[in-house]
Amino acid sequence: MEKKDISACPLNCWDTCGFTVTVENDTVVKVAGNKQHPVTKGHICNRGRMLEARTNAPSRITKPLKKNNGDFVEISWDQALDEIAEKLLFTKNRYGSTAVLHSHDYSNNGLLKNLDHRFFNCYGGVTEVVGSLCWGAGIEAQIRDFGNSAAHAPEDIFNSKNTVIWGRNAASTNIHLYANLIEAKKRGIHVTVIDPLYHQTAKLADVYIAVRPGMDGLLAIGVIKQLKKMNLVDEEFIRNHTYGYNEFMAYIDEIELSEIVSQTSVSEETINLLASHYSSGPTSTYLGLGMQRYANGGSMIRLIDALVAISGNVGIKGGGANYGHLPVGQSFDVSNLTLSNRRFQNRVFTRMNQAEKILSEQDPPIKMAFVTRGNPLTQLPDTNRVEEAFTSIETLVVIDQFMTDTAELADYILPCTTVFEEEDIYYASMYHSYVNYGPRLVTPKGEARADHWIWTELANRLGFGEDFAFSDDEFLKMGLQSLEKQGITLEKIKAEGFVKLPIQDVPWSDYQFKTPSGKYEFSSTKALKDGESGKLTFQYPLESINSPKQTKFPYHLLSKHPSRSNHSQNYHLINDSKVVVEVSEKIAKEKCLSEGEEVTIWNDRGSITGSAKIMKNSHDDTINIDEGRWKKLGGSVNVLTSSGESDIGQGGIQYDCLVNIRKKQA
Ligand SMILES: Nc1nc2c(c(=O)[nH]1)N[C@H]1C(S)=C(S)[C@@H](COP(=O)(O)OP(=O)(O)OC[C@H]3O[C@@H](n4cnc5c(=O)[nH]c(N)nc54)[C@H](O)[C@@H]3O)O[C@H]1N2
Ligand SMILES: Nc1nc2c(c(=O)[nH]1)N[C@H]1C(S)=C(S)[C@@H](COP(=O)(O)OP(=O)(O)OC[C@H]3O[C@@H](n4cnc5c(=O)[nH]c(N)nc54)[C@H](O)[C@@H]3O)O[C@H]1N2
Ligand code: SF4
Ligand SMILES: [Mo]
């Protein structure tokens with residue numbers, strides 16, 4: 001018997017779609033969009049639809065596995081959990097609990113997924129990873145400027161006269177923004193795209209600007225200079241609601257426009273055009289995340305924020321510097337789930353430097369590691385070093401659904417359920433303000449178990465089972481404590497399937513900024529309190545046209561998100577094992593490369609081989625290899641990327657990367 005139910009996409013994505021899922025004989029047969037969902041409106045992407053394949057795939061791991069003399073053998077849950085619990089006890093007694101590393105990312109947006117932290121805190125506190133591979137620099141930038149990172153409601157774009165898509169590949173990563181852009185164009189809203197890559201989103205633009213990677217901050221300064229020259233700054237907003245403006249303007253006065261033109265590869269005429277769009281608003285700006293994965297990533301976002309503010313586009317309908325949407329996550333009481341007060345000790349590695357730390361830290365050394373909700377062997381920068389580090393760990397436990405690069409290295413693999421086999425509520429602090437419900441729709445495949453079942457079982461064996469003696473509903477209610485007081489109860493979310501959180505549709509419309517001064521801050525007093533200058537200046541990326549590396553490695557390597565996969569989660573299911581190296585027309589000419597030809601890209605961290613694809617209109621010195629590919633499917637672009645950290649916010653700098661390219665040697 002066929003049955004249709006609502007569900008939700010759990011993937012780490014801007015859109016957080018509502019689903020309608022068809023189930024037949026206890027099997028998911030189809031995933032479609034829920035037409036009732038006010039933002040996602042029945043329209044979903046292939047990554048969402050492929051959650052059916054992820055659930056039913058024959059290659060899924062459905063039994064606990066243990067490595068024996070290099071090969072995996074199936075074992076029972078009891079054996080796996082008993083042995084892992086014993087090793088946890090032994091490690092804690094012998095070396096202290098911080099000899100255990102919990103390495104995780106955010107591949108599933110479920111509220112209950114936070115219970116891994118509860119487990120490690122109740123165990124006594126382990127070595128945790130902090131910082132972000134994803135958006136860290138930009139988030140800290142917006143916290144410094146506004147006091148928080150908050151986006152306008154998706155439909156507010158239709159109040160804009162102009163919109164600027166600044167480094168966000170919406171056609172592929174944020175499909176409902178892309179759908180809105182198509183509609184916006186029909187309504188006569190002017191669309192500008194600023195991106196080194198001429199991708200599908202760029203093709204939609206009225207004006208496309210191929211900026212040099214890592215130079216957007218300078219471009220923003222150029223536009224601000226022209227606004228000032230033409231007397232088009234919003235004097236009233238600046239006078240009443242900002243802090244540090246004069247100092248910032250004195251700083252940018254020193255920078256010559258000719259210098260900006262040569263460094264950004266953007267003409268004076270185009271800079272003036274941007275100035276005219278920003279001053280004839282409302283103009284909305286949608287910032288992407290790729291753009292801040294640079295050593296100067298924080299200053300990039302801060303300077304674009306400054307442009308939005310100076311041109312009078314903050315706090316108004318149809319305006320905004322839309323980046324993250326933290327008020328969503330801030331609505332939940334996640335700390336009720338994680339119990340950080342139970343932690344006796346802890347140590348932190350940043351996500352980027354965890355490989356180095358695993359290899360070097362001796363007090364105590366990392367003896368045991370758990371990987372949850374992540375695939376560090378593919379997704380972390382400088383993958384060769386990451387492989388060395390994770391190989392060196394005595395006991396590696398990986399909780400996953402598939403035999404990823406990371407799982408291959410594990411001593412134990414614990415198979416977890418997919419979204420349709422477990423109950424949770426899902427939200428993302430990225431684009432819209434809805435929380436969605438996903439019920440358990442089918443019986444888990446084989447012996448797969450929900451992550452928090454695994455934590456509960458381990459907790460029982462380690463003597464703190466009472467901290468996990470709660471039902472799913474009880475845990476969910478802990479996370480919803482504050483929202484329940486405002487009438488957004490678990491019952492309501494379950495009954496309605498999706499509920500809008502009480503979050504402003506136009507942030508900062510009251511001009512009550514959450515910064516220490518209560519104003520929009522060009523000069524950050526939060527940073528000053530933290531012992532930094534907080535001044536807003538342009539910084540260069542680490543690896544760019546001015547860096548010494550440039551002579552050996554003259555090209556910028558970007559590694560944008562793949563359109564057909566959510567990071568590393570789909571390549572193996574779409575049988576894609578061909579590395580595609582997108583090169584600009586200029587590079588193809590310089591190196592005499594033809595379409596489809598085998599090429600090798602290399603730098604001092606590693607090399608990768610793939611087939612060349614020539615990109616029209618993109619920035620002249622730019623190469624792109626999409627991220628997320630497993631080693632056995634051609635290799636991760638991260639063998640080339642740097643494990644450095646952004647200027648602020650402990651962010652990754654994967655796009656701050658110079659390489660060279662040659663024809664593959666026969
Ligand atoms: N299909 C798909 N969608 C996804 C994901 C996925 O893996 N696949 N992942 C999700 C996640 S976790 C995230 S964080 C988001 C990210 O969403 P996006 O921010 O849209 O995606 P990215 O690929 O990180 O980078 C976006 C763009 O930044 C551009 N860029 C790089 N450097 C610069 C620069 O210096 N200046 C400018 N102006 N642009 C630059 C790249 O060319 C790219 O087009 O996407 C989410 N959606
Ligand atoms: N070069 C380069 N590197 C990048 C980026 C880039 O743009 N360029 N983008 C970065 C960004 S924005 C991000 S967000 C990260 C993402 O990095 P990750 O989050 O590590 O990447 P994913 O491939 O999404 O997934 C991780 C694993 O989680 C597993 N998984 C899925 N659901 C569950 C679950 O419910 N429980 C458990 N235990 N496991 C589950 C999946 O099977 C998958 O193997 O990558 C970063 N790395
Ligand atoms: S991956 Fe993103 S766009 Fe695709 S279905 Fe999921 S939430 Fe929607
Ligand atoms: Mo991300």
Side-chain angles (χ1 to χ4, degrees), residues 7-19 31-34 37 39-51 105-107 109 132-136 138 164-179 192-202 209-220 264 266 286-294 296-297 300-301 304 323-324 379 419 426 428 430-432 436 541 544 556-571 582 615 618-619 622 624 626-628 651-657:
S7 180
C9 186
L11 293 172
N12 189 357
C13 177
W14 297 97
D15 297 74
T16 317
C17 292
F19 284 166
V31 180
N34 177 0
H37 195 285
V39 178
T40 64
K41 297 177 183 155
H43 177 41
I44 64 166
C45 79
N46 249 336
R47 295 164 288 142
R49 276 188 286 273
M50 281 190 63
L51 288 161
D105 217 87
Y106 297 97
S107 62
N109 277 335
S132 170
L133 297 171
C134 176
W135 65 354
V164 179
I165 310 303
W166 205 320
R168 192 186 300 189
N169 184 12
S172 152
T173 65
N174 186 186
I175 61 168
H176 297 91
L177 171 59
Y178 186 64
T192 302
V193 169
I194 306 175
D195 199 304
L197 300 179
Y198 184 66
H199 43 47
Q200 207 188 330
T201 319
I209 303 173
V211 65
R212 176 181 292 284
M215 294 296 173
D216 303 75
L218 214 45
L219 176 57
T264 58
V266 181
Y286 288 83
L287 298 99
L289 276 47
M291 186 169 58
Q292 46 85 64
R293 293 191 197 104
Y294 289 83
N296 63 345
M300 294 250 259
I301 303 295
I304 297 169
Y323 177 74
Q379 296 307 120
V419 54
Y426 301 91
M430 293 181 81
Y431 181 56
H432 63 71
N436 301 335
S544 192
H556 300 280
L557 175 72
L558 305 184
S559 44
K560 69 171 168 55
H561 292 194
S563 64
R564 296 200 301 161
S565 182
N566 223 57
H567 307 296
S568 71
Q569 299 198 39
N570 301 72
Y571 288 89
E582 295 180 284
M615 303 185 281
S618 295
H619 187 274
T622 308
N624 174 68
D626 283 356
E627 53 104 357
I653 64 163
Q654 303 93 321
Y655 291 31
D656 196 329
C657 180

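Numbering starts at 1 and runs along the sequence shown. Order of listing sets the numbers, starting from 1, for every ligand and every atom in it.
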(request) State whether R293 and D656 are salt-bridged, where the test is any N-O pair (Lys NZ or Arg NE/NH1/NH2 against Asp/Glu carboxylate O) under 4.0 Å. (result) no
(request) Decide whether an N or O pair under 3.5 Å exists between L197 and ligand 1. (result) no
(message) If we only consider heavy atoms of W135, is any one of them less than 4.0 Å away from an atom in ligand 1?
(response) no
(request) Could you check atom 1 (N) of ligand 1 against the protein and tell me its nearest heavy-atom contact, residue, atom and distance included? (result) P562 O, 2.9 Å
(request) Determine the minimum heavy-atom distance between E627 and S559, stating which atoms define it. (result) CG-O, 3.5 Å
(message) Under 4.0 Å from a heavy atom of R47: which atoms of ligand 3 are those, numbered in the order shown and with their elements?
(response) 1 (S), 2 (Fe), 3 (S), 4 (Fe)
(request) Please find out if atom 4 (Fe) of ligand 3 and some N, O or S atom of C17 are separated by less than 2.8 Å. (result) no
(message) Centre-to-centre under 6.0 Å for H432 and H37, is that the case here?
(response) yes
(request) Starting from atom 6 (C) of ligand 1, find the nearest protein heavy-atom neighbour and note its residue, name and distance. (result) N566 OD1, 3.3 Å
(message) Taking only non-hydrogen atoms of S565, do any sit less than 4.0 angstrom from ligand 1?
(response) yes
(message) If I apply the N/O under 3.5 Å rule, does R564 come out as touching ligand 1?
(response) no
(message) How far is atom 43 (C) of ligand 1 from the closest protein heavy atom, and which atom is that?
(response) D195 OD2, 3.5 Å
(request) Out of G290, A171, G324, P196, indicate the one that has the non-hydrogen atom closest to atom 40 (C) of ligand 1. (result) P196
(request) Would you mind checking which non-hydrogen protein atom is closest to atom 19 (O) of ligand 1, with the distance to 0.1 Å? (result) L289 N, 2.8 Å
(request) State whether the shortest distance between N or O atoms of G288 and N or O atoms of ligand 1 falls below 3.5 angstrom. (result) no
(message) Below the 3.5 angstrom mark, is there an N/O of C134, backbone or side chain, next to an N/O of ligand 1?
(response) no
(message) To check your reading of the model: name the closest protein heavy atom to atom 18 (P) of ligand 1, its residue, and the distance in Å.
(response) T173 OG1, 3.7 Å
(request) Among all protein heavy atoms, pick out the one at the shortest distance from atom 32 (N) of ligand 1; state its residue, atom name and that distance to 0.1 Å. (result) Y294 OH, 2.8 Å
(message) Is it the case that over 12 heavy atoms from other parts of the model lie below 6.0 angstrom from the CZ atom of R564?
(response) no
(request) Report the distance from atom OG1 of T201 to atom CD1 of I175, rounding to the nearest 0.5 Å. (result) 12.0 Å
(message) Tell me whether L558 reaches ligand 1 (any heavy atom closer than 4.0 angstrom to a ligand atom).
(response) yes
(request) Tell me which protein heavy atom sits closest to atom 3 (N) of ligand 1, plus the residue, atom name and distance to 0.1 Å. (result) R47 NH1, 2.8 Å
(request) Please write down residue, atom name and distance for the protein heavy atom closest to atom 2 (Fe) of ligand 3. (result) C13 SG, 2.4 Å
(request) Using heavy-atom distances, let me know which of P213, S559, S172, G167 sits nearest atom 26 (C) of ligand 1. (result) G167
(request) If you have a sec, work out which protein heavy atom is nearest atom 4 (Fe) of ligand 3 and how many Å separate them, to one decimal? (result) C45 SG, 2.3 Å
(request) Write out the residue and atom name of the closest protein heavy atom to atom 15 (C) of ligand 1, then the distance separating them to 0.1 Å. (result) W14 NE1, 3.5 Å
(request) With rounding to the nearest 0.5 Å, note down the distance linking CG in N12 to SG in C134. (result) 5.5 Å
(request) Find all atoms of ligand 3 within a distance of less than 4.0 Å from any non-hydrogen atom belonging to I44, and give their numbers and elements. (result) 5 (S)
(request) Could you pull out, from Q569, Q654, H561, the option with a heavy atom nearest to atom 9 (N) of ligand 1? (result) H561
(request) Sort out for me which residue in I304, V266, V211 forms a side-chain contact (heavy atoms from CB on, under 4.5 Å) with I194. (result) V211
(request) Please determine if R212 has a nitrogen or oxygen closer than 3.5 Å to a nitrogen or oxygen of ligand 1. (result) no
(request) Examine the proximity of ligand 1 to M215 and report which part, side chain or backbone, both or neither, has a heavy atom under 4.0 Å away. (result) neither
(request) Quick one: pull up CZ in R168 and OH in Y323 and give me the separation to the nearest 0.5 Å. (result) 9.5 Å
(request) Run the numbers for me: atoms of ligand 3, each under 4.0 Å from some heavy atom of I175, listed by number. (result) 3 (S)
(message) Once rounded to the nearest 0.5 Å, what's the spacing between atom CG of N436 and atom OG of S7?
(response) 9.0 Å
(request) Please round to the nearest 0.5 Å and tell me the distance separating atom CE of M50 and atom CG of L11. (result) 10.5 Å
(message) As an exercise, identify every atom of ligand 3 less than 4.0 angstrom from a heavy atom of C9.
(response) 1 (S), 5 (S), 6 (Fe), 7 (S)
(request) Select one of side chain, backbone, both or neither to describe which atoms of T40 lie under 4.0 Å from any atom of ligand 3, heavy atoms only. (result) neither
(request) Indicate, as side chain, backbone, both or neither, the part of D216 found under 4.0 angstrom from ligand 1 when only non-hydrogen atoms are considered. (result) side chain
(message) Quick check for you: to the nearest 0.5 Å, what is the distance between D15 atom CG and C9 atom SG?
(response) 9.0 Å
(message) So for ligand 1, is R168 a polar contact partner (N or O within less than 3.5 Å, distance only)?
(response) no
(message) Please find the pair of heavy atoms, one from K560 and one from Y655, that lie closest to each other, and give the distance.
(response) CA-OH, 3.1 Å
(request) For ligand 1, note which part of V211 has a heavy atom under 4.0 Å away: side chain, backbone, both or neither. (result) side chain
